[in-house]
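Beneath this line is the structure, given in structure tokens, with notes to follow.
The chain is numbered in sequence order, starting from 1. What you see below is based on every heavy atom in this structure, not just the backbone, and it leaves out hydrogens, waters and symmetry mates.
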Amino acid sequence: SPDGLVRLAGVTLIDRDGRTLAADISCSLPPGATLHVSGELGLGKAALVQAVAGLWPWGRGTIMLPPGAFGTAVPQKLHLTEGSLRAILETGKAVPEAQLESALRRYGLSGLAPLLDESRDWDKELATGDRQRLALARAELERPDVVLLDEATSAFDTDAALELLTELRAARPDAIIIAFG
């Protein structure tokens with residue numbers, strides 16, 4: 001998208017058997033926009049997440065992202081490997097300790113800051129809600145231009161979920177956020 005927008009034009013998604021999952025979706029999202037896509041189970045939300053990420057091959061229409069845009073997807077269930085929280089949060093690039101601690105604090109995980117370098121099986125140690133908080137902190141630290149939230153706050157009630165999304169928006173004011181749920 002040469003104008004810096006996320007654009008969906010006439011997007012129709014089908015499954016492998018040719019059944020329509022979502023039909024004729026069109027929208028334009030400028031930097032700083034937030035879109036919430038909701039619907040009942042089985043209405044193609046997961047396929048739309050994958051299509052925007054470039055991973056759903058079945059359908060027609062056009063999906064355009066800003067040139068050079070970096071995007072990240074935040075899943076409902078973040079699966080963590082054994083290792084340190086620092087490695088989970090840094091995703092391959094060094095981040096100053098103060099930024100790591102700030103992100104943990106912002107998403108209600110300040111109690112984990114002293115454990116940044118402890119190697120543990122975090123998948124077993126953290127509850128679903130804490131894994132979702134950690135995934136949001138990691139998304140913030142990655143500094144993406146486009147954030148796809150795939151039911152990323154499903155473990156929380158509406159008020160708590162909105163509070164977490166407000167924190168993400170404050171940390172990434174120019175990111176385009178598309179929340180599916």
Side-chain angles (χ1 to χ4, degrees), residues 1 5-66 68-81 88-89 91-92 107 109 122-124 126-169 171-172 174-181:
S1 174
L5 305 179
V6 168
R7 292 186 181 276
L8 281 74
V11 174
T12 296
L13 303 174
I14 59 175
D15 66 12
R16 293 175 190 211
D17 298 324
R19 291 178 297 211
T20 300
L21 300 173
D24 201 29
I25 301 168
S26 295
C27 67
S28 295
L29 302 170
T34 301
L35 175 66
H36 181 231
V37 178
S38 64
E40 296 300 318
L41 187 65
L43 290 183
K45 293 185 307 290
L48 187 56
V49 171
Q50 292 178 36
V52 173
L55 302 172
W56 190 266
W58 304 284
R60 61 186 174 278
T62 304
I63 299 173
M64 294 186 290
L65 302 174
F70 168 70
T72 192
V74 182
Q76 178 182 19
K77 294 180 181 175
L78 177 65
H79 295 287
L80 306 170
T81 58
I88 291 167
L89 290 168
T91 63
Y107 298 98
L109 297 171
W122 295 106
D123 215 29
K124 291 180 181 171
L126 297 177
T128 300
D130 287 341
R131 285 198 310 269
Q132 288 183 349
R133 290 175 187 274
L134 190 64
L136 291 169
R138 182 169 78 174
E140 173 190 321
L141 292 165
E142 288 178 336
R143 307 196 51 74
D145 302 302
V146 179
V147 183
L148 304 175
L149 301 172
D150 186 7
E151 299 191 29
T153 58
S154 63
F156 302 98
D157 64 34
T158 301
D159 290 339
L162 288 173
E163 189 176 311
L164 291 168
L165 296 178
T166 298
E167 292 295 337
L168 180 61
R169 170 54 68 211
R172 298 292 303 133
D174 293 332
I176 298 168
I177 298 175
I178 305 174
F180 298 85

For [Y], does its backbone N or O pair with a side-chain atom of [X] as donor and acceptor, under 3.5 Å?
| X | Y | value |
| --- | --- | --- |
| Ser26 | Gly10 | yes |
| Trp56 | Asp15 | no |
| Gln132 | Ala155 | yes |
| Asp17 | Arg19 | no |
| Arg131 | Lys77 | no |
| Thr12 | Asp24 | yes |

[X] and [Y]: which non-hydrogen atoms are nearest, and at how many Å?
| X | Y | answer |
| --- | --- | --- |
| Pro144 | Ala175 | O-CB, 3.6 Å |
| Val74 | Ala139 | CG2-CB, 3.5 Å |
| Leu109 | Arg133 | CD1-CB, 3.6 Å |
| Leu5 | Pro31 | CD2-CD, 4.2 Å |
| Gly59 | Ile14 | N-CG1, 3.8 Å |
| Ser28 | Arg7 | OG-NH1, 2.8 Å |

Pairwise side-chain contact, [X] with [Y], heavy-atom cut-off 4.5 Å (strictly under):
| X | Y | result |
| --- | --- | --- |
| Leu149 | Leu165 | yes |
| Leu35 | Cys27 | yes |
| Thr153 | Leu136 | yes |
| Leu65 | Ser1 | no |
| Glu140 | Leu168 | yes |

Should we say atom CZ of Arg169 is surrounded by more than 12 heavy atoms from elsewhere, each under 6.0 Å from it?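 Yes, because the 6.0 Å sphere around CZ of Arg169 holds more than 12 heavy atoms from other groups.
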
Output the distance between atom [atom1] ([X]) and atom [atom2] ([Y]), rounded to the nearest 0.5 Å.
| X | Y | atom1 | atom2 | answer |
| --- | --- | --- | --- | --- |
| Leu80 | Arg138 | CG | CZ | 7.5 Å |
| Ile176 | Ile178 | CD1 | CD1 | 7.0 Å |
| Thr128 | Phe156 | OG1 | CZ | 9.0 Å |
| Ile88 | Leu141 | CD1 | CG | 12.5 Å |
| Phe70 | Arg143 | CZ | CZ | 11.0 Å |
| Leu134 | Leu78 | CG | CG | 6.5 Å |

